[in-house]
Structure formats: C-alpha cells, structure tokens
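Report on one structure; see the data block that follows.
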Amino acid sequence: MGDNTGLSQDFLQSVSGKRVLVRSDLNVPLDGTKITDDGRIRASVPTIKALADTGARVVVTAHLGRPKGAPEERYSLRPVAARLGELLGQDVAFATDTVGDSARETVAALEDGQVAVLENVRFNPGETSKDEAERAEFADQLAGLADAFVSDGFGVVHRKQASVYDVAQRLPHAMGGLVAKELDVMRRLTNEPERPYVVVLGGSKVSDKLGVIANLMQQADTLLIGGGMVFTFLKAQGHDVGKSLLEEDQVEVCRDYLSRAEESGVRIVLPTDIVVDTEFPSGDREPEPRVVPADAIPADALGLDIGPESARAFAEAVAGARTVFWNGPMGVFETPAFAEGTRVVAEALTKVDGLSVVGGGDSAAAVRTLGFDEGAFGHISTGGGASLEFLEGKELPGIAVLQD
Ligand code: 3PG
Ligand code: MG
C-alpha cells in the first residue's frame, strides 16, 4: 500500500472524478468555537487527502457532540471544517445542513479534487434513530449525495447509525486507512498479545466499562483501575468514599468482579492512596488537594486523582509490561492539581518495551494536553467506545457492514 491510506489503487482510480461520501470522526473537544484538541481531525486527513489527490469530489460527513436531532449552534461543524482546510492546505466548502438545499448545492459545486464538509449529521433525527425506516430514509438522502462511500470514522464504527451503517448498504464502499490502521492495532491486542499484558482503566463511569472488564479478566494479566470509577470498587471493598463519585447500583457487580478476579488469575489493582478535595474543581476556587489513604476518605471529601504512591505502583506495572492498553484518565487531569496520576501513567506508557496503546478520546486528549510527544506511544486510538467494544468482543456494526 505504501501510501498509508488503506484504500486500494483500484478503488482510488474508480472514484476519480466521482463524488465520494467519507464518514470521518471529527468529534473534537471545543471551548466555544475554539478546538482544544484537533487529534481526530489530523487523523482524518490522510484518507480525505488521498481521495482528493486522486481527483475525487470529497464530501465529508461527521458528528460533533450529541445534539438531539436538531440544529444547535454550539455543535456546528463549521470551526472543524475550517481546521480541516488548514490541515489539508486547500479550501474546504461547508454546507449548512446535512442533506438539504445547502448540502446538495455545495456538492454540486465541487470540482474534481475539492472537499466539502456537511453540517453535523446528528442535526438530522434520522441519523441516530432506532426506527429502521427513519434511518433508512435519511441514509437514502445521504447516499443520494455521492457515488461511493468510504468509512473512516473509527470512533463511531460501534454505532449502528445512518452515516456509519445504513449508507454503506446503499453505495459501493471501502474501508478508509484510519479504520484499517486502528483495527490492525486492536487485533494485536486481542490476538495473543505479548505478556505481561497490562490494562489501565479510568474515566468516570464504571457502568460503561463493565463489559470490557469482564472480557479483559480472561485476557489481561493485570488490570489497574483509577479515575472516578474507582470509588465504586473501593465501596465494594467496604470502604467509605465520602462525597466521591459512586454508582451505588454497580457496587455488587464490582464486588463480584473482585472475587472472580482472584479465581481467574488476573490481578486487579486499585489505588492505595487518593488525592481529595472538599469540592469538585471550579473556576472560582483555588483547589486544596490532600492525599489520604484509599480506605480512609473523609466524609466531607471527594476523590479527584489517584495518589502518588498509587501512581508509582501503576507506573511500575505498566513499565514492566510488553503490551499495554490504557483507556480513561486517572483523575480530573484538566485541573493541574489533579493531573499527576494521569501524567505519571502516561509517562510510564512512553517507556513500554512493546506495544502501548492509548485508547479513547479523553485519554488521547489528556496525553496531548499534558504535552507528551504522540510519537512516544505505540498507537493513540481515535476511538473510545469503539475500541472498548472491540476489546469486549462485540461485533462492530460499522465494520461488519463493510464486509457484506
Ligand atoms: C466518541 O467521541 O467516542 C465518538 O465520536 C462517538 O461519539 P458518541 O459516543 O457520541 O457516539
Ligand atoms: Mg459490502
């Protein structure tokens, strides 16, 4: 392949002069209209560029955030389209709707090698509808804008949505290079990974991670758990967690996992110390971080990061691994007072002699926000939920549909 686009020469030739709809994942964090981490846009460039360079008329469809099927200015893709243009080094047209007059006119005006971005595909209720007929109707409209489809939004391949799934049934289609690259790494994680295989899980909600934890207990050697979800585990061990984030209805499940881990031979490691404060960080108050033992979180405090002793232990386990997958920050890394756990774990990943994978929007944004060189990691995935569902062993609809 050499060109690193994943698309075959045959496919590229077949779409020269044609309209190609590309589903990218351009769901980037914004501060107002300012993009705070453009990683996903940069990751989407090679496929779009390869298509444009071959003379295709490229129509990019993507989502931003979770609007409820209607336009909302704060979720507009306009700033994203502008950034894509800068990165491509060419003008990128922008349609102010998804499949309406503006989309049709914008696509009709494209010349060979030009690129357009359609407005947030989730502004149309058909995109995420559970009603097959409603999704189909929208997919028909999307498909009507193009002659071929390229699936390149790895971060959304776990979603059975019109622009990811249904549209692929309506047009000649191909897998984009980003999806191909991401799948390749995911397969290396699941297909006889080099051992020790260490997984670090963080993030706020344990309920999002139950499936993957259950599956990883069969595969990984060590599971390190941090982030907001840790408090449900600590509670399951019988500790008070003060005002920390807690999912009461998951305490039993966590208790079950902890006891099953002992039997299945996986080591589940929880932090032994926690950085707490009396309030969640907010702009108008200087944080007052304190380190307390994980089994003695005061009633008036909430945990916001793993403590230094835990961070050292996690780093040691990571550094000794041959395969590492990390998803979810260890604490509220956006606030420097609570970023240390995440920083230490990220640092350890850069030292792994083997395959180190950072999975997920938040962890990927964290390593860049904390100033790490992306090249120091084996792979930084653009997919959070998608990579977790892959590791969970689930079929990804957006991948399966390409195989038909
Ligand atoms: C993500 O941010 O993980 C992807 O862009 C998917 O977004 P979603 O979880 O809103 O479907
Ligand atoms: Mg097919």
Side-chain angles (χ1 to χ4, degrees), residues 7 11 14-15 17-27 44 47-48 51-52 56-78 80-81 84 92-112 114-176 179 396-404:
L7 296 167
F11 182 84
S14 75
V15 295
K18 302 261 178 62
R19 301 165 304 164
V20 180
L21 185 71
V22 180
R23 178 47 157 117
S24 300
D25 182 359
L26 304 179
N27 190 20
S44 302
T47 295
I48 295 169
L51 288 163
R57 304 171 179 210
V58 187
V59 181
V60 181
T61 180
H63 75 284
L64 184 79
R66 293 181 176 169
K68 302 267 171 285
E72 255 183 274
E73 192 50 37
R74 67 188 166 123
Y75 293 126
S76 174
L77 277 175
R78 192 185 282 279
V80 173
L84 177 63
V92 166
F94 183 68
T96 56
D97 57 28
T98 57
V99 291
D101 289 345
S102 176
R104 279 191 302 271
E105 283 159 20
T106 304
V107 173
L110 284 179
E111 292 176 14
D112 294 357
Q114 292 189 333
V115 178
V117 171
L118 307 177
E119 184 54 290
N120 191 336
V121 71
R122 292 186 182 171
F123 284 180
N124 191 302
E127 169 67 359
T128 57
S129 178
K130 297 278 175 265
D131 176 29
E132 303 269 337
E134 192 183 6
R135 254 194 4 253
E137 194 191 324
F138 181 55
D140 283 341
Q141 290 175 293
L142 269 177
L145 294 171
D147 308 298
F149 174 65
V150 170
S151 175
D152 205 38
F154 178 70
V156 282
V157 290
H158 60 315
R159 304 286 184 217
K160 195 174 180 180
Q161 297 176 347
S163 68
V164 179
Y165 179 82
D166 307 76
V167 79
Q169 297 176 317
R170 289 165 166 76
L171 289 171
H173 51 255
M175 182 185 286
V179 169
L396 306 173
I399 302 296
V401 74
L402 301 178
Q403 262 109 55
D404 300 336

Test salt bridge (Lys or Arg N to Asp or Glu O under 4.0 Å) applied to D131 - qualifying residues, sequence neighbours left out:
none
Taking salt bridge (Lys or Arg N to Asp or Glu O under 4.0 Å) as the test, write out the residues that go with R135, two or more places apart.
E132, D166
Close side-chain approach of T98 to T61, heavy-atom, < 4.5 Å
no
A side-chain contact here means heavy atoms from C-beta on lying under 4.5 Å apart; do E134 and P125 qualify?
yes
Could you walk me through whether I48 and V60 pass the side-chain contact (heavy atoms from CB on, under 4.5 Å) test, one step at a time?
CA-CA 8 Å; I48 295 169; V60 181; 3.8 Å; yes
Check: residues 136-144 side-chain donor-acceptor pairs under 3.5 Å, at least two apart:
from	atom 1	to	atom 2	distance (Å)
D140	OD1	R170	NE	2.5

Which heavy-atom pair separates [X] from [Y] by the least distance, and what is that distance?
X    : Y    : answer
N27  : G65  : OD1-N, 2.8 Å
G17  : D112 : CA-OD1, 3.6 Å
L7   : G176 : CD2-CA, 4.2 Å
A62  : S24  : CB-O, 3.4 Å
A168 : V164 : CB-O, 4.4 Å
Y165 : K160 : CE2-CE, 3.4 Å

Quick one: pull up [atom1] in [X] and [atom2] in [Y] and give me the separation to the nearest 0.5 Å.
X    : Y    : atom1 : atom2 : value
L145 : L110 : CG    : CG    : 10.5 Å
R57  : E111 : CZ    : CD    : 7.0 Å
E72  : F123 : CD    : CZ    : 7.0 Å

N/O donor-acceptor pair under 3.5 Å between [X] side chain and [Y] backbone:
X    : Y    : result
D25  : F154 : no
D101 : E105 : no
S14  : F11  : yes

Would you sort out whether L26 and L64 count as a side-chain contact (heavy atoms from CB on, under 4.5 Å), showing the intermediate values?
CA-CA 7 Å; L26 304 179; L64 184 79; over 6 Å; no
Are Q403 and I399 close enough, and set up right, to give a side-chain contact (heavy atoms from CB on, under 4.5 Å), and what steps lead you there?
CA-CA 7 Å; Q403 262 109 55; I399 302 296; 3.8 Å; yes
Would you mind listing every salt bridge (Lys or Arg N to Asp or Glu O under 4.0 Å) that reaches into residues 141-151, with sequence neighbours excluded?
R19-D147
Applied to residues 117-129, the salt bridge (Lys or Arg N to Asp or Glu O under 4.0 Å) test, sequence neighbours excluded, yields R23-E127
Does the side-chain contact (heavy atoms from CB on, under 4.5 Å) test come out yes or no for V401 and Q169, once each step is laid out?
CA-CA 7 Å; V401 74; Q169 297 176 317; 3.6 Å; yes
T96: side chain to side chain contact (heavy atoms under 4.5 Å, CB included) partners, not counting sequence neighbours:
R78, F94, S102
